[in-house]
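One structure is given here, and the rest of the page talks about it.
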Amino acid sequence: MDTVPINGGESSSALFGDNLKGVLLAVVSSAFIGASFIVKKKGLKRAGAAGQRAGVGGYGYLLEPLWWVGMVTMIIGEIANFVAYIFAPAVLVTPLGALSIIVSAVLAHFILKEKLQRMGVLGCVLCIVGSTVIVLHAPEEKTPSSVDQIWNLATQPAFLLYMASAAAVSLVLMLHCSPRYGQTNIMVYLGICSVIGSLTVMSIKAIGIAIKLTVQGINQTGYFQTWIFAMVAVSCIVIQLNYLNKALDTFNTAVVSPIYYAMFTTLTILASAIMFKDWSGQSASSIASEICGFITVLSGTTVLHSTREPDSPSSTDLYTPLSPRIFWHIQGNGEVEKFKDDDLLSNDFIAVVRQDYFI
């Protein structure tokens with residue numbers, strides 16, 4: 001009889017210690033990920049100043065050391081977040097990811113001089129509150145015991161339909177919307193990142209379970225499903241990084257971070273619920289709370305998008321605006337003429353103006 005309270009106390013103490021480790025790792029993860037947005041954007045700006053910007057399809061940032069510092073910072077944060085899930089439950093770790101939004105917004109305000117308006121602060125708060133409500137009332141996960149079992153879950157009709165829908169939406173956004181609206185509508189790039197990101201998390205979960213089982217002595221490397229999940233994860237991560245770089249290079253960081261977090265969290269919870277069939281058995285109050293949380297996220301996203309300060313356009317053209325008082329030469333039809341700003345040209349006069357003619 002005396003041993004029961006002792007064991008119960010030891011068990012509670014161990015559980016508290018594990019949760020504390022998970023919380024600390026999640027906080028560290030958020031700090032690293034939030035800071036990585038700022039470092040990567042500074043790297044993107046440097047790369048854009050020396051060549052073609054990432055927002056218009058350039059990949060010069062791959063040669064920029066500062067961008068790689070941001071990438072390493074993000075990887076460290078993601079690793080810390082992954083380990084946090086080992087010690088603490090998802091309902092405790094996932095909401096703390098919202099701290100990366102605060103870190104990113106504050107650093108962007110002071111380092112990148114991207115002013116965060118008061119309504120933008122309200123939008124951040126709404127996104128954080130709504131995402132937290134969704135996560136806290138999300139269904140509990142049932143962890144599979146093998147990669148083969150995860151494969152069966154991934155090939156069930158409901159999740160196959162989700163994957164097909166995600167692939168179709170991503171292709172439409174990448175092939176049709178991105179070239180036309182990517183530079184003006186923030187939801188295009190972040191929509192791609194979020195939809196693909198939900199599939200990334202599912203494949204990474206499968207890889208994580210495979211690694212855990214292999215460490216425990218149940219080798220999962222012999223299953224072809226493990227390598228399929230690995231290839232899907234790598235492919236999705238590459239696509240995410242590409243379009244996240246475009247979003248960071250095109251739009252305000254203080255807006256990119258919360259919108260991406262809100263959309264990514266919502267779609268990931270939806271994908272996880274469909275794949276692991278965790279929606280069954282939920283109470284009506286939990287479902288209502290999730291709907292309210294989702295509406296709150298949409299409200300916060302709308303507020304952030306409507307109060308966004310437009311970034312100053314970075315011109316990639318070699319020609320710069322001319323002073324209205326400058327004298328300039330125009331060569332046309334073999335003749336050179338000199339004009340002032342108040343001289344007018346005939347409508348029939350066609351000439352090519354080159355920067356090396358300016359004096």
Original post:
Once the angle between the rings of Tyr162 and Phe159 is folded into 0 to 90°, is it parallel (under 30°), tilted (30 to 60°) or perpendicular (over 60°)?
Top reply: parallel

Original post:
Mind checking whether Trp151 and Phe224 have parallel, tilted or perpendicular rings, split at 30° and 60°?
Top reply: perpendicular

Original post:
Side-chain heavy atoms under 4.5 angstrom apart, residues restricted to Ile, Leu, Val, Met, Phe, Trp, Tyr: same cluster for Val72 and Val28?
Top reply: yes

Subject >> Atom CZ of Phe264 with >12 non-hydrogen neighbours under 6.0 angstrom >> reply: yes

**OP:** Kindly give the heavy-atom pair with the smallest separation between Trp68 and Leu63, and that separation in Å.
**Re:** NE1-N, 4.5 Å

Subject >> Sub-4.5 Å side-chain heavy-atom contact between Phe229 and Ile150 >> reply: yes

**OP:** Calculate, to the nearest 0.5 Å, the distance between atoms CG and CE belonging to Asn81 and Met74 respectively.
**Re:** 11.5 Å

**OP:** Kindly work out whether a path of hydrophobic side-chain contacts (I/L/V/M/F/W/Y, heavy atoms less than 4.5 Å apart) joins Ile33 to Phe251.
**Re:** yes

Subject >> Shortest non-hydrogen contact from Thr226 toward Ala210 >> reply: CG2-CB, 4.1 Å

Original post:
Just wondering, do Tyr223 and Ser146 contact through their side chains at under 4.5 Å, heavy atoms?
Top reply: no

**OP:** Heavy atoms only: give me the nearest Ser36-Gly70 pair and the separation to one decimal.
**Re:** CB-O, 3.3 Å

**OP:** Nearest 0.5 Å please: distance from the CG atom of Asp249 over to the CH2 atom of Trp67.
**Re:** 12.0 Å

Subject >> In one Ile/Leu/Val/Met/Phe/Trp/Tyr side-chain cluster, 4.5 Å: Tyr260, Val103 >> reply: no

**OP:** Go through the side-chain N and O atoms of Thr221 and Asn219 and say whether any donor and acceptor fall under 3.5 Å apart.
**Re:** yes

Original post:
Hey, are the side chains of Ile75 and Met71 touching, using non-hydrogen atoms and a 4.5 Å cut-off?
Top reply: yes

**OP:** Work out which heavy atom in Ser170 is nearest to a heavy atom in Ile196; give both atom names and the distance.
**Re:** OG-CD1, 3.4 Å

Original post:
Judged by atom type as modelled, is there a donor-acceptor pair below 3.5 Å linking the side chain of Gln220 to the main-chain atoms of Ile211?
Top reply: no

Original post:
Tell me, do Ile239 and Met174 make a side-chain contact under 4.5 Å, heavy atoms counted?
Top reply: yes

**OP:** Decide side chain to side chain contact (heavy atoms under 4.5 Å, CB included) for Met187 and Ile259; before the verdict, give the C-alpha distance in whole Å, the side-chain angles of both, and the deciding distance to 0.1 Å.
**Re:** CA-CA 8 Å; Met187 304 303 289; Ile259 293 179; 4.0 Å; yes

Subject >> Side-chain touch Lys246/Ile192, heavy atoms, less than 4.5 angstrom >> reply: no

Subject >> Under 3.5 Å donor-acceptor, Ser203 side chain and Thr200 backbone >> reply: yes

**OP:** Using the rule that two of Ile, Leu, Val, Met, Phe, Trp, Tyr join whenever any of their side-chain heavy atoms come within less than 4.5 Å, decide whether Val195 and Leu248 are in one cluster.
**Re:** yes

Subject >> Euclidean distance, Ile291 CD1 relative to Ile295 CD1, rounded to 0.5 Å >> reply: 7.0 Å

Original post:
Where do Met263 and Ser194 come nearest, in terms of heavy atoms and distance?
Top reply: CB-OG, 3.2 Å

Original post:
What pair of heavy atoms forms the shortest contact from Leu66 to Gly43, and how long is it?
Top reply: CD2-N, 3.7 Å

**OP:** To the nearest 0.5 angstrom, please state how far the CD atom of Gln240 sits from the CG atom of Leu190.
**Re:** 11.0 Å

Original post:
Once you round to the nearest 0.5 Å, how far does CD1 of Ile228 lie from CD of Gln225?
Top reply: 6.5 Å

Subject >> Heavy-atom side-chain proximity of Phe37 to Leu244 below 4.5 angstrom >> reply: yes

Subject >> Donor-acceptor contact present, side-chain Ser29 to main-chain Leu25, <3.5 Å >> reply: no

**OP:** Show your reasoning for whether side chain to side chain contact (heavy atoms under 4.5 Å, CB included) applies to Ile237 and Ile204.
**Re:** CA-CA 10 Å; Ile237 289 173; Ile204 286 179; 4.3 Å; yes

**OP:** Could you tell me whether the side chain of Asn245 and the main chain of Leu241 form a donor-acceptor pair under 3.5 Å?
**Re:** yes

**OP:** Rounded to the nearest 0.5 Å, what's the gap from CG on Leu171 to CG on Leu175? Could you check?
**Re:** 5.5 Å

Original post:
Does the side chain of Leu160 come within less than 4.5 Å of Met163's, by heavy atoms?
Top reply: yes

Original post:
Within a strict 4.5 Å, meaning less than it, do heavy atoms of the Tyr243 and Leu173 side chains meet?
Top reply: no

Original post:
Should Leu199 and Trp227 be regarded as members of a common hydrophobic cluster, given that ILVMFWY residues are connected when their side-chain heavy atoms come within less than 4.5 Å of each other, either directly or indirectly?
Top reply: no

